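Here the structure is laid out as structure tokens; the discussion comes afterwards.
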Amino acid sequence: MIKQFLLGLAVAAAPVVAAAHSKSEATTPADGATVTEVSELSMRFDDPMRIISVTLTATDDDFEIERETGMEPATEFRAVPLDALAPGSYRFDWRGMASDGHPMQGSFSFTVAE
């Protein structure tokens, strides 16, 4: 009987535990989008996230970006490329710490067209 109770408790708590991690709700540019210019790189989260590191790459080259959002936990992260991005495919990778203390990471990709 105790085993059944504990199993039931674990099953009932699973959705709460799964929902505890922050997740990216939107990015700019949108993941998979084709754009003609990029004036801002941004991500919006459903729960505050401390973004620890970010990189913008294209064909194994890193591009310099300037963070507009500091290291404090926030629901929105913003950065800007220091130079205009040439036509090509880009990937934005990030690592962060969710408000529940779990390390998180993700990425989104976009294409700059002429």
Side-chain angles (χ1 to χ4, degrees):
M1 177 115 144
I2 292 175
K3 285 182 183 179
Q4 289 175 334
F5 172 75
L6 292 176
L7 179 61
L9 185 61
V11 170
V16 174
V17 172
H21 298 299
S22 299
K23 64 180 177 225
S24 178
E25 292 185 322
T27 63
T28 303
D31 189 27
T34 298
V35 297
T36 55
E37 68 178 356
V38 177
S39 58
E40 177 182 83
L41 300 158
S42 69
M43 299 178 292
R44 191 174 65 238
F45 296 93
D46 66 341
D47 197 47
M49 175 77 70
R50 179 187 311 269
I51 301 299
I52 297 167
S53 70
V54 293
T55 56
L56 179 64
T57 57
T59 319
D60 299 327
D61 289 330
D62 287 348
F63 291 86
E64 288 191 56
I65 57 177
E66 183 176 332
R67 294 172 69 118
E68 290 187 343
T69 304
M71 295 293 287
E72 70 281 349
T75 56
E76 188 168 342
F77 173 86
R78 288 184 312 280
V80 294
L82 293 182
D83 297 313
L85 299 180
S89 296
Y90 294 84
R91 179 178 164 136
F92 185 85
D93 292 289
W94 61 269
R95 291 183 185 269
M97 186 73 64
S99 61
D100 64 0
H102 285 88
M104 306 287 291
Q105 65 183 21
S107 65
F108 63 93
S109 300
F110 58 91
T111 300
V112 175
E114 292 185 40

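Treat the numbers as computed from the prediction; the structure is a model and nothing was measured.
The two residues R67 and S53 make their nearest non-hydrogen contact at NH1-N, 4.4 Å. Residues P48 and P73 come closest through the heavy atom pair CB-CB, 3.9 Å. Closest approach of V80 to S39, counting heavy atoms only: CG1-O, 3.4 Å. The two residues P81 and V38 have their closest heavy-atom pair at CG-O, 3.6 Å. Between V35 and P29, the closest heavy-atom pair is CG1-CB, 4.1 Å.
Interatomic distance, S109 OG to D93 CG, rounded to the nearest 0.5 Å: 7.5 Å.
The shortest distance between side-chain heavy atoms of T36 and P87 does not fall below 4.5 Å. Counting heavy atoms from C-beta outward, E40 and E68 have side chains that approach closer than 4.5 Å. A 4.5 Å side-chain heavy-atom check between T27 and F92 finds every atom pair outside the cut-off. Side chains of I51 and T69 form no contact here, defined as non-hydrogen atoms less than 4.5 Å apart.
Placement of F108 and F63 within a single hydrophobic cluster is found when ILVMFWY residues are connected by side-chain heavy-atom separations under 4.5 Å, directly or transitively. Residues F45 and M97 fall into different hydrophobic clusters, defined by Ile, Leu, Val, Met, Phe, Trp and Tyr side chains chained together at heavy-atom separations under 4.5 Å. Both V54 and M49 are part of a single hydrophobic cluster, where members link through side-chain heavy atoms under 4.5 Å apart.
Other residues, nucleotides and ligands contribute only 12 or fewer heavy atoms inside 6.0 Å of the CG atom of D83. Annotation: E72, atom CD; neighbour count of heavy atoms from other residues, nucleotides and ligands within 6.0 Å is above 12. Within a 6.0 Å sphere centred on CZ of R91, heavy atoms belonging to other residues, nucleotides or ligands number 12 at most. Heavy-atom neighbours of R78 CZ from other residues, nucleotides or ligands within 6.0 Å: above the threshold of 12.
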Item to check | L56/L85 under side chain to side chain contact (heavy atoms under 4.5 Å, CB included): CA gap, chis, key distance, verdict | outcome: CA-CA 10 Å; L56 179 64; L85 299 180; 4.1 Å; yes

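Taking the six-membered ring where tryptophan is involved, the planes of Y90 and F110 are essentially parallel, since the angle between them stays under 30° and well short of 60°.
Sorted by first and then second residue, the salt bridge (charged side-chain N to carboxylate O under 4.0 Å, His left out) pairs with a member in residues 25-36 read E25-R44; sequence neighbours excluded.
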